[in-house]
Number of protein chains: 2
Amino acid sequence: MERNNSSKASRWDELATDWCPVARALSVIGDRWTMLIIRDCFLGKSRFEEFQTSLGVTRHVLSDRLKRLVERGVLERNAYSQRPLRYEYRLSDKGRDFAPALVGLKDWGKKHMPVRKPAAV
Amino acid sequence: MERNNSSKASRWDELATDWCPVARALSVIGDRWTMLIIRDCFLGKSRFEEFQTSLGVTRHVLSDRLKRLVERGVLERNAYSQRPLRYEYRLSDKGRDFAPALVGLKDWGKKHMPVRKPAAV
DNA sequence: AGCGTAGGTTCCATTTGTGAACGGAGAATT
DNA sequence: AATTCTCCGTTCACAAATGGAACCTACGCT
């Protein structure tokens, strides 16, 4: 499905080589769900099932995103169990460097998207 | 196409009311192209054609994004010409508050996505 | 043997994005 | 006055991404 390397490039996936560093950053984390996976990593989550239940994203989109993030060096994939072979995903230094951007988004969300409480009846 | 308000909600468009402020921010700017439109606004661009040629996004996706950003108060739409009635899109205060997040992305892109120059032959 | 769990993959329907053409309204050119 | 140009979109057919559910593998538990 995703990751078919034979297709012609659309403008979106030319962003990785754009002149603008913001565009290049978005080529890595500009897809749906990706930034939220990174947020979950900052919150200490590391396993497939954790991300899946936390985000409600479908499993194969999650699978695709994790694969891309590992390919691009934002996450590292390590076996946390050998006998049932199981992997966890952890932020690399490159991934941890998203902290300032994430904080920027957090501050904006807090200020401009207040949680709507049900009207007290 | 987009903006049909009768459809059932998927997880993605429930983000606007998520407990996490990062998720709420992403519900506004987490779509493809949206953050790049905001970047262009910071760079002084304000008109439909400017965004379109700068980004290479298709016209009706651009049209959709601008509409959403105005609806959500990130951009303001003002007539800049009366006789051919034409509009421009400018950042509101709410939109300008994306500056820190944008800077975070810029710094990450500069550090971790260096521009590949063609090998000097 | 049968069930549960973690981490995926596969299938199909729906939604979103792309690419190109079309439209309208006024401006500028011939 | 007719044609062309510019700006800001809309519409259409097709391709790609996403959603939702089922399935699979390998192991552990009872």
Side-chain angles (χ1 to χ4, degrees), chain A residues 1-15 26-27 29-37 40-41 45-71 75-90, chain B residues 1-15 26-27 29-37 40 45-71 75 77-90:
Chain A
M1 174 206 185
E2 285 111 326
R3 306 301 75 226
N4 70 343
N5 37 6
S6 67
S7 71
K8 64 196 68 167
S10 78
R11 311 263 183 183
W12 179 258
D13 33 51
E14 285 164 13
L15 290 185
L26 287 170
S27 78
I29 50 81
D31 283 305
R32 273 190 177 186
W33 303 112
T34 305
M35 203 64 179
L36 289 174
I37 293 171
D40 272 4
C41 290
K45 298 193 169 71
S46 68
R47 285 145 62 158
F48 194 94
E49 294 294 320
E50 285 181 300
F51 298 128
Q52 209 274 313
T53 62
S54 154
L55 301 177
V57 61
T58 58
R59 306 177 74 81
H60 86 287
V61 168
L62 175 58
S63 172
D64 176 70
R65 294 298 186 271
L66 291 172
K67 218 167 287 176
R68 293 167 75 113
L69 287 170
V70 170
E71 274 173 16
L75 298 183
E76 288 164 359
R77 179 174 177 264
N78 311 106
Y80 70 88
S81 153
Q82 283 306 334
R83 292 314 336 291
L85 188 51
R86 301 267 160 81
Y87 296 96
E88 62 172 10
Y89 299 86
R90 297 280 186 191
Chain B
M1 172 201 184
E2 285 110 328
R3 305 302 75 228
N4 71 344
N5 38 6
S6 67
S7 73
K8 66 196 65 167
S10 80
R11 311 264 183 184
W12 179 259
D13 35 49
E14 287 164 14
L15 289 184
L26 288 169
S27 78
I29 50 80
D31 283 305
R32 274 190 174 184
W33 303 112
T34 305
M35 203 64 177
L36 289 174
I37 292 171
D40 272 4
K45 298 193 169 70
S46 67
R47 285 147 62 159
F48 194 92
E49 293 296 317
E50 286 180 301
F51 298 127
Q52 210 275 314
T53 63
S54 154
L55 301 177
V57 61
T58 57
R59 307 176 73 80
H60 91 287
V61 167
L62 175 57
S63 172
D64 176 70
R65 296 296 186 272
L66 291 172
K67 218 168 286 178
R68 294 167 73 112
L69 287 170
V70 170
E71 275 172 16
L75 298 183
R77 180 175 178 264
N78 311 106
Y80 70 89
S81 153
Q82 283 305 334
R83 291 317 331 292
L85 187 52
R86 301 268 159 81
Y87 296 96
E88 62 173 10
Y89 299 86
R90 296 280 185 191

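Below, chain A is the first sequence line, B the second, and so on; all start at residue 1.
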Requested in this report: Mind calculating the distance between CD (B:Gln52) and P (D:dC7) to the nearest angstrom?
Outcome: 12 Å
**Report entry** Heavy-atom check, side chain of A:Leu85 versus side chain of A:Tyr87, under 4.5 Å
**Finding:** yes
Requested in this report: Mind listing the closest non-hydrogen atom pair of A:Leu26 and B:Met35 along with its distance?
Outcome: CD1-CB, 3.7 Å
Query - Shortest non-hydrogen contact from A:Pro84 toward A:Ser81 - result: O-OG, 2.6 Å
Report summary line: Heavy-atom nearest pair, B:Phe48 first then B:Leu62, reads O-CD2, 3.4 Å
Query raised in the report: Atom CH2 of A:Trp12 to atom C1' of C:dG19: distance rounded to whole Å?
Result: 18 Å
Report summary line: A:Glu14 CD to C:dG17 C1', in whole Å, measures 15 Å
Query - Side-chain N or O of A:Arg77 closer than 4.0 Å to phosphate OP1/OP2 of C:dG7 - result: no
Query raised in the report: What integer distance in Å separates B:Leu85:CG from D:dC8:P?
Result: 10 Å
Using a cut-off of under 3.5 Å, enumerate the N/O to N/O pairs linking the protein to nucleotides 4-6 of chain C.
| unit_1 | atom_1 | unit_2 | atom_2 | d |
| --- | --- | --- | --- | --- |
| C:dA6 | O4' | A:Arg86 | NH1 | 3.0 |
| C:dA6 | O3' | A:Tyr80 | OH | 3.1 |

Query - Any donor-acceptor N/O pair, B:Glu50 side chain to B:Ser46 backbone, under 3.5 Å - result: yes
Query raised in the report: Does OP1 or OP2 of D:dC8 have a side-chain N or O of B:Lys67 closer than 4.0 Å?
Result: no
Query raised in the report: Looking across every strand, which nucleic acid part, if any, lies under 4.0 Å from A:Tyr89 by heavy atom: base, sugar-phosphate, or nothing?
Result: sugar-phosphate
Report task. Determine, step by step, whether B:Glu49 and B:Arg59 satisfy the salt bridge (Lys or Arg N to Asp or Glu O under 4.0 Å) criterion, reporting the C-alpha distance in whole Å, the side-chain angles of both residues, the deciding distance to 0.1 Å, and the verdict. Result -> CA-CA 9 Å; B:Glu49 293 296 317; B:Arg59 307 176 73 80; 2.5 Å; yes
Query - Listed nucleotide nearest any side-chain atom of B:Ser63, set C:dT9, C:dG19, D:dG9 - result: D:dG9
**Report entry** Heavy-atom donor-acceptor pair, A:Gln52 side chain to A:Val57 backbone, under 3.5 Å
**Finding:** yes
Query raised in the report: So what is the 5' to 3' dot-bracket string for DNA chain C, if pairs are Watson-Crick or G-U wobble with both distances under 3.5 Å, crossing pairs use [ ] and | means the partner sits on another strand?
Result: ||||||||||||||||||||||||||||||
Query raised in the report: Separation of B:Gln82 atom CD from C:dA27 atom P, in whole Å?
Result: 12 Å
Query raised in the report: Of all the choices, C:dG17, D:dG19, D:dT10, which nucleotide is nearest to the side chain of A:Trp33 once you look at every atom?
Result: D:dG19
Query raised in the report: Rounded to whole angstroms, how far apart are CG on B:Leu62 and P on D:dC7?
Result: 14 Å
Requested in this report: Could you state the atom-to-atom distance from CG of B:Leu55 to C1' of C:dG19 in whole Å?
Outcome: 16 Å
Report task. Take atom CZ of B:Arg32 and atom C1' of C:dT15, then tell me their distance rounded to the nearest Å. Result -> 13 Å
Query raised in the report: Which heavy-atom pair separates B:Arg11 from A:Gly56 by the least distance, and what is that distance?
Result: CG-O, 3.4 Å
Report task. Compare the minimum distances between each of C:dG19, C:dA27, C:dG17 and the side chain of B:Pro84, then state the nucleotide with the smallest one. Result -> C:dA27
Query raised in the report: What pairs with A:Arg86 under salt bridge (charged side-chain N to carboxylate O under 4.0 Å, His left out), at least two apart in sequence or on another chain?
Result: none
